[in-house]
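Numbers here are sequence positions counted from 1. When a ligand or atom number is given, it counts from 1 through the structure's own listing order.
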Amino acid sequence: MTKKRVYEIARDLGVPSRDLLEALVELGMPGLRAVSTVTDEEAELIREFFHERASPAPPEAPAPERAKAPPKPRGTPRPPVVAVLGHIDHGKTTLLDAIRAAHVADGEAGGITQSIGAYQAVVNGRAITFIDTPGHRAFTAMRARGAQVTDIAILVVAADDGVMAQTVEAVDHIKAAGVPMIVAINKMDKPGANKDRVLQDLAKLGYTPEEWGGTTVTVPLSALTGQGVDDLLEMILLIADMEGIYGDPEGKLEATVIESNLDPARGPLATVVVKNGTLRERDVIIVGSTWGRVRALLDHRGERVGAATPGMPVQILGLDGVPPAGEVVERIENPNEARRIAAERARATADERRAVRAPKTFEELIQVAQTKKLVVVLKAASTGALDAAKHELGTLKADGVELELLHAGVGPVTESDILLASAEGEGQPLVAGFAVRVDGKAARLAEQRNVPVRTYDIIYDLAQDVGRALRRLLGPEYREVKVGEAEVLKTFDIDGVGRIAGCSVRTGRVVRGGRVKAFRDGEEVFVGEIASLKRFADDVREVQAGRECGIRIRDWNDVRPGDTLEIYTVEEVPL
Ligand code: GDP
């Protein structure tokens, strides 16, 4: 039995996959995606149904009302922004070059040919924006400030090598970003290419390929010969259609820096990808702690463009400093205001850096828990050590809080680990190393981004510290501690106040605001709180054993001579 993908059927019918999928819902086949496969019979059914639906209904029978389409976001479909990730030497650069060579029109003579960090390819008349810097370091840096630049991620896996350490790392980064992934199984031209092994590796990672009934989209290709590259491009467009990637040129400006550098001749250069709105020359913008009036916008061919619309990457000239990747662009009317805000931010960042002290424990670092989720990046010296550490972390539990292992890998703690942890918007990030060191750049970045990083030589210490951090997220735990006992000698009823118990403190002390348990003939008769504590006529904070005092118990006027009062305080339980 042959199988066909939904998008292939859509192509045969000459309709957009999106429309076909809407029709399938009516046909009672919901949940299918453009890349899903169906049997021949189902394909036939779909074709028939679609033809019927597409042919005009006879006038006497009004067409059935179409299922309500979800409200479309404002704007129009814009080019998807695609990043390429994967293990070193698996062919990321070769793939990006192949696409560029085949699908990017050359700039006019005299254009500046250096890369700006992204380019737009035109495939079947539609543009796709590729981020030119491959690898997960760049990928995660781009989303470090919370703005998502990438719409679709390509994971490149060499068919002769299979899934490797950095492949796993890349998958974790993609997962954390929550963007759709397409696996490009590269180097299919090589004699040692083994596609099935790659599929198996992916399945082992929990990404069951489509052809095995899962949802992971894979495309076999060769970046070197170009074979299969067009399939990949087609798949990108398909997924873009499925995802509904929109931008409104008239809307609010959303643009993120993907690359920046200082050019000796032209000054600070920053390449941004516009996701929404339009960036124009002469606009006054703030980018992090830099600002400027846009002097020129250059496209990926080095040609000057007056404006950048959604989906376009452009290089900005005119900023007064070099903003880091991941920083977002804000447009503002008043240049003086822009200068002031940028300067203020620069000052605040400098202060923050000074304020950071060498951290001791995770527990100290997480003073105020804002979240109920701990996201951990774990690094260890070997796979054995990593497995052991993973196992230890797996045993940690605290009700109501979640520990998510964002990434676990072998090797020192690097900048990429810090970026991954800090880009995670929801939880409290922690980067833990077991028998590994933190490289210098990573340590500096961790300080800037305020990401707690610790390394351990003993696995028990690691588990204990992370366990404490987890419990810290729960907020402090309290317990009652008995501090004293008093005997009621007499009582006085005072109008408008209530009954006061005249007591003698037998042991310990009585404290204002303390909890109180009252016992009569050995039985507990009331549990409450001390509303006021007086010695003679004065309000006091506490009264020691051997002294007398007047106690009023909140909401209880039945205290009697002879009752025993046990006094408790509520204390935070140390972790
Ligand atoms: P990156 O580190 O992932 O960017 O990998 P590169 O693109 O630099 O490729 C590493 C090596 O693999 C280079 O020597 C490429 O020529 C080679 N390579 C890349 N793609 C293919 C392919 O499809 N087939 C073959 N045979 N070699 C390839």
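For Gly91, a nitrogen or oxygen atom sits less than 3.5 Å from a nitrogen or oxygen atom of ligand 1, counting backbone and side chain alike. Checking only distances, Leu95 never comes within under 3.5 Å of ligand 1, N or O to N or O. Backbone and side-chain nitrogen or oxygen atoms of Ser222 are examined, and one is located within less than 3.5 angstrom of a nitrogen or oxygen of ligand 1. The N/O atoms of Leu224, backbone and side chain alike, include one that comes under 3.5 Å of an N/O atom in ligand 1.
Although no hydrogens or angles enter the test, the distance criterion places no donor-acceptor pair under 3.5 Å between the side chain of Arg295 and the main chain of Leu317. Between the Asp189 side chain and the Ser222 main chain, no donor and acceptor come within less than 3.5 Å of each other. Side chain of Tyr119 to main chain of Ile99: no donor-acceptor pair is present (N/O by atom type, distance under 3.5 Å, no hydrogens or angles). For Lys379 (side chain) and Pro412 (main-chain N/O), a donor-acceptor pair under 3.5 Å exists by modelled atom type.
More than 12 heavy atoms of other residues, nucleotides or ligands sit less than 6.0 Å from atom CD of Glu402.
For atom 14 (O) of ligand 1, the nearest protein heavy atom lies 4.0 Å away or farther.
Counting heavy atoms only, Thr94 comes closest to atom 6 (P) of ligand 1 of the residues Ile185, Thr94, Leu96.
Using a 4.0 Å cut-off between heavy atoms, Asp89 contacts ligand 1 through both its backbone and its side chain. The proximity of His87 to ligand 1, defined as any non-hydrogen pair under 4.0 Å, is limited to the backbone. Under 4.0 Å from ligand 1, heavy atoms of Lys187 appear from its side chain as well as its backbone.
Counting heavy atoms from C-beta outward, Ile174 and Val179 have side chains that approach closer than 4.5 Å. Inter-residue side-chain proximity for Ile285 and Leu319 is flagged as met; some heavy-atom pair is nearer than 4.5 Å.
Closest to atom 4 (O) of ligand 1, if we only count protein heavy atoms, is Thr93 OG1, 2.5 Å. In this structure, atom 26 (N) of ligand 1 lies nearest to the protein heavy atom Asp189 OD2, 2.9 Å. Among all non-hydrogen protein atoms, the one lying nearest atom 20 (N) of ligand 1 is Asn186 ND2, 3.1 Å.
If you number the atoms of ligand 1 from 1 as listed, the ones under 4.0 Å from a heavy atom of Ile88 come out as 2 (O). Taking a cut-off of under 4.0 Å to the non-hydrogen atoms of Lys190, the atoms of ligand 1 that pass are 26 (N).
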Quiz: residues 153-161 side-chain donor-acceptor pairs under 3.5 angstrom, not counting sequence neighbours:
unit_1: Asp160; atom_1: OD2; unit_2: Lys190; atom_2: NZ; d: 3.0
unit_1: Asp161; atom_1: OD2; unit_2: His90; atom_2: NE2; d: 2.9

Practice task
Could you give me the CA-CA distance, side-chain angles and deciding distance for Phe434 and Tyr456, then say whether ring pair (Phe, Tyr, Trp, His ring centres under 6.0 Å) is met?
Solution key: CA-CA 5 Å; Phe434 176 42; Tyr456 308 81; 8.3 Å; no
